[in-house]
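Comments concern the structure below.
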Amino acid sequence: MTAWHNQSTTELENLLATDTEKGISDQEAAIRLTQYGPNKLRKGKRFSALTIFMAQFKSLIIWVLIGAAVISTALGETVDGIAIIAIVILNAIIGFVQEYRAEKAAAALAHLAAPHCRVIRDGHSAVVAATEIAPGDILLLEGGDLVAADARLIESSVLHVNEAPLTGESQAVDKLTDTLPLETPLAEQQNMVFLGTSVTNGSGRAIVVNTGMETQLGRIAKLLETAESGETPLQRKLDKAGHFLLWACLGIVTLIFSLGWLRGIAPFELFLSTVSLAVAAIPEGLPAVVTIALALGVQRMVLRNALVRHMAAVETLGCAEVICTDKTGTLTMGEMTARKLITADSRYRITGEGYATEGVFITGNTERVPSEDPQLFALLRAAAACNDAELAFVNDRPIVVGDTTEGALLVAAAKANITRQAIETEMPRLATLPFDSERKRMTIIRKQEEQPWAFVKGALEVILSRCTLIRTEQGVKPLSEADRTRLLDANKLLAEEALRVLAIAERPLTNPGFEKGTAVSDNEIEKELIFLGLIGLQDPPRAEAKEAVAKCKRAGIKAVMITGDHPDTARAIGYELGILGKGDEILVGNELDRLDEEALRARIARVSVYARVTAEHKLRIVRAWKGRGKVVAMTGDGVNDAPAIKEASIGIAMGLTGTEVTKEAADIIITDDNFASIVAAVEEGRGIYDNIAKTLAYLLGSSAGELIVMLIAILLGWPLPLLPLYLLWINLVTDGFAALALSTDPIDRGVLNRPPRSSQAPLISRDLIKMTLFTGSLTASVTLGVFAYELYLMGSSLEQARDAAFTVLVIAGLLRAFGARSEQRTVWEISLFSNLRLFLVVAAGFALQLAIHHISVFQALFKIEPITLAQCAGWFAAGFIPLIVLELRKVIRYRSASIGSK
Ligand code: ATP
């Protein structure tokens with residue numbers, strides 16, 4: 001095994017046939033990928049089609065049925081035997097199709113959420129899927145990136161990496177490029193970065209040496225080779241419920257068998273009937289139906305800009321009670337425009353739209369030419385000098401590359417003909433003290449006519465406390481207390497107009513020997529500054545955010561805004577969006593610092609807006625909500641947001657602005673960074689759960705119906721109304737196809753008009769049991785009624801009476817699927833065609849039921865005869881009864897609710 005840490009850069013280039021400047025080409029990467037395989041860890045084996053098919057036969061009850069079929073054949077009942085086997089196979093095929101689809105959908109999703117990384121290919125930097133990198137690729141790393149493979153560093157500028165996933169050490173490790181001695185242990189290989197670790201800050205460049213299972217993490221994975229079950233809590237709950245149902249059904253079936261035995265029914269006929277009954281009554285297709293409902297729902301979410309990384313989040317989404325969201329870019333457009341400027345002596349309005357660089361500066365009613373206004377010019381020049389963004393043009397439309405706040409400052413400077421390119425040539429950069437939401441300021445040091453100058457910008461209170469001078473029309477003067485008060489007032493006025501305010505300052509450094517590479521300390525540099533002015537940036541709220549906030553209110557979800565901005569800016573936006581209402585409070589970061597856990601927990605329900613907060617505050621907010629037992633969703637984009645996102649019940653990362661680390665920590669990624677997409681995801685989450693719940697209720701209703709029919713008939717001493725084959729057929733038509741169509745029902749319009757579901761609620765609730773018994777008894781009464789009517793009143797043969805009971809049960813089951821679509825809304829309130837699949841399944845079910853009566857092979861198999869029109873009408877009418885009664889029950893129970901949600 002090569003000791004990569006011990007090689008020099010040239011040796012590495014040779015060994016890996018690459019170039020540290022140009023990297024490898026795309027073609028070469030493709031060749032290497034076929035050689036080394038994709039860069040991913042093997043995760044639990046996916047199931048092959050054959051295993052899925054074979055798994056359909058693993059249930060004991062199926063084997064009992066197969067055994068019964070064999071015995072039937074041996075006893076001369078060949079037709080029965082073959083028919084049962086045919087149905088068993090058909091059932092297995094349906095089960096297979098359901099599970100195979102579920103498996104495929106789940107695999108497709110895993111692919112969608114794959115992380116990306118930056119590499120150099122053919123001399124250009126490119127963003128590629130992490131799975132597509134190969135040894136020899138040059139990785140570009142920066143704060144917030146996940147390291148996509150094991151790689152050897154060739155450049156490092158204050159690069160710090162968190163290696164906790166590999167070493168358990170949570171302190172970030174300093175990374176260097178020096179060649180290290182051969183015996184250096186893994187944990188001390190400072191010139192290497194490893195797959196699965198993350199960059200906390202700084203930047204670097206590294207040559208990929210190992211990918212996929214060959215990486216250090218891959219080795220560990222190989223050792224463990226444990227497959228994550230990937231089951232969601234709901235699936236686990238269902239599993240449990242499934243076991244309960246299995247035993248409950250078996251209990252009832254055994255009871256029926258014993259009673260039948262006592263009544264002297266022929267043992268073999270009884271045995272076959274009860275085994276078939278067990279097959280029909282046990283909702284064995286439920287787990288697959290749930291997976292499909294989840295997987296297809298998650299695919300629908302992708303179309304609404306929400307990418308689910310953990311299936312479990314879908315269920316939690318449906319229970320969300322609080323959504324804490326960032327402001328900039330999520331609630332607002334994130335496209336900033338500088339609107340107002342304030343210097344020591346004047347106030348300016350800036351005209352122009354968006355990022356277009358046309359616009360003028362106006363004071364009062366007069367236009368000011370920046371080149372003739374030294375104060376204005378100095379302010380704009382410093383804003384452009386303390387800047388990392390760039391303006392670019394795509395199809396002649398200006399766009400901002402980098403931070404939008406800084407982009408807006410560049411646009412304003414461009415309106416005064418100041419460009420960053422000119423600044424870079426006239427005043428080369430010597431050092432940077434980067435912005436972060438903790439410091440709330442940023443400095444760039446540049447060389448101006450042989451003198452180092454610091455250009456500083458940030459939140460007003462932070463900058464002002466570091467200023468001692470102010471630039472006025474009469475030149476630079478000491479900053480008085482009166483100036484401070486005036487500026488704070490001006491800041492407040494701008495903030496109240498919902499503008500994000502930045503203060504700009506500069507300072508000639510007293511250290512003339514300052515050169516590139518000189519160590520900088522912020523306290524040394526960011527002091528005794530000359531205040532230049534304020535810039536107010538407009539970032540309008542997203543039109544759809546207001547509607548989304550209103551939806552949250554209706555849905556019983558509290559929307560909370562969290563921002564690093566000034567409280568007045570936050571308040572203005574909060575009011576505009578409806579997040580801040582009567583009785584709601586704003587909490588500012590430093591006030592929050594003074595509250596202990598308990599005080600925060602007591603206060604949190606009233607707070608709708610947090611201002612001037614940092615990532616650590618977010619963590620406290622999440623914990624406080626959770627401490628109150630609430631299901632809380634939290635958004636984030638920066639590396640520092642990752643802990644809060646991980647801690648939240650639902651962690652949401654921003655797809656456009658989020659770092660890879662944040663995305664990795666998240667359960668859901670919002671691909672367009674839009675708050676409305678979060679609410680859409682909640683809606684889908686509720687919808688998916690509803691679909692699962694209604695399918696469960698539907699299946700249980702059918703099972704109860706079948707069991708009650710058989711039980712009552714035996715208790716009354718009647719002949720068995722349903723032949724084994726009938727039961728298996730019902731299982732196929734109603735439980736198989738109709739349930740599948742139900743589980744993918746379109747979302748009910750009213751899902752957001754009711755409060756969140758409790759995350760503690762049991763799956764099989766008391767209400768569900770009551771409803772199951774009611775539906776079951778209703779269907780059973782109609783079926784038994786028809787059976788008795790034919791047999792005892794009309795004098796029909798037993799075969800005819802059984803056929804009537806069978807057909808009525810099928811019709812009733814199929815029709816009931818329409819009613820099962822909503823717990824509250826009636827069939828006439830929901831369009832029949834809005835779930836076309838269900839409509840077709842039901843239509844096909846009717847057609848099949850008719851067909852078996854008129855095709856001679858089936859007539860013999862099912863022991864039935866052609867039906868007349870009159871019979872058809874009568875059975876249809878009877879089959880309609882359960883649906884009608886159930887719908888009338890809805891009208892009576894939910895009349896007001898159903899009117900409300902229309
Ligand atoms: P939100 O939560 O609404 O997205 P935020 O958390 O992104 O906002 P920050 O980026 O932390 O807010 O900004 C906080 C304050 O820091 C701003 O009000 C502004 O005064 C200042 N600020 C923002 N961006 C920069 C920057 N690039 N350089 C200097 N100061 C900045």
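For ligands, and for the atoms within them, numbers begin at 1 and follow the listed sequence. Position 1 is the first residue of the sequence; numbering continues from there.
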*Using a cut-off of 6.0 Å, state whether more than 12 heavy atoms not belonging to Arg347 lie near its atom CZ.*
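For Arg347, atom CZ is not crowded (no more than 12 foreign heavy atoms under 6.0 Å).
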
Should you measure from each heavy atom of [X], which atoms of ligand 1 turn up under 4.0 Å away?
X: Ile562; value: 2 (O)
X: Asp565; value: 17 (C), 18 (O)
X: Lys327; value: 1 (P), 2 (O), 3 (O), 4 (O)
X: Asp403; value: 27 (N)
X: Thr328; value: 1 (P), 3 (O), 4 (O), 8 (O)

How close does the nearest protein non-hydrogen atom get to [atom], and which residue and atom is it?
atom: atom 28 (N) of ligand 1; answer: Lys457 NZ, 3.1 Å
atom: atom 20 (O) of ligand 1; answer: Val501 O, 3.0 Å
atom: atom 19 (C) of ligand 1; answer: Leu502 CD1, 3.8 Å
atom: atom 24 (N) of ligand 1; answer: Phe435 CZ, 3.6 Å
atom: atom 6 (O) of ligand 1; answer: Gly564 N, 3.3 Å
atom: atom 11 (O) of ligand 1; answer: Ser437 CB, 3.0 Å
atom: atom 7 (O) of ligand 1; answer: Arg500 NH2, 3.8 Å

*May I ask whether Arg612 places a heavy atom under 4.0 Å from ligand 1?*
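Contact check Arg612 vs ligand 1: positive.
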
*asked:* Is a donor from one side chain sitting under 3.5 angstrom from an acceptor on the other, for Gln375 and Arg471?
replied: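 Not at all, the side chains of Gln375 and Arg471 share no donor-acceptor pair under 3.5 Å.
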
_Lys/Arg N to Asp/Glu carboxylate O, Arg420 vs Glu424, below 4.0 Å_ =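 Counted as a salt bridge, because a side-chain N and a carboxylate O are separated by less than 4.0 Å.
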
_Short N-O contact, Arg484 and Glu481, less than 4.0 angstrom_ =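 Yes, this pair counts.
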
*Which atom of Val411 lies closest to which atom of Ala356, heavy atoms considered*: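 Val411 and Ala356 have their closest heavy atoms at CG1-O, 3.5 Å.
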
Closer than 3.5 angstrom, by distance alone: can the side chain of [X] be matched with the main-chain N or O of [Y] as a donor-acceptor pair?
X: Thr332; Y: Gly329; result: yes
X: Thr662; Y: Gly638; result: yes
X: Arg309; Y: Lys663; result: yes

_Working for salt bridge (charged side-chain N to carboxylate O under 4.0 Å, His left out), residues Glu461 and Lys492_ = CA-CA 11 Å; Glu461 56 283 18; Lys492 194 169 166 56; over 6 Å; no

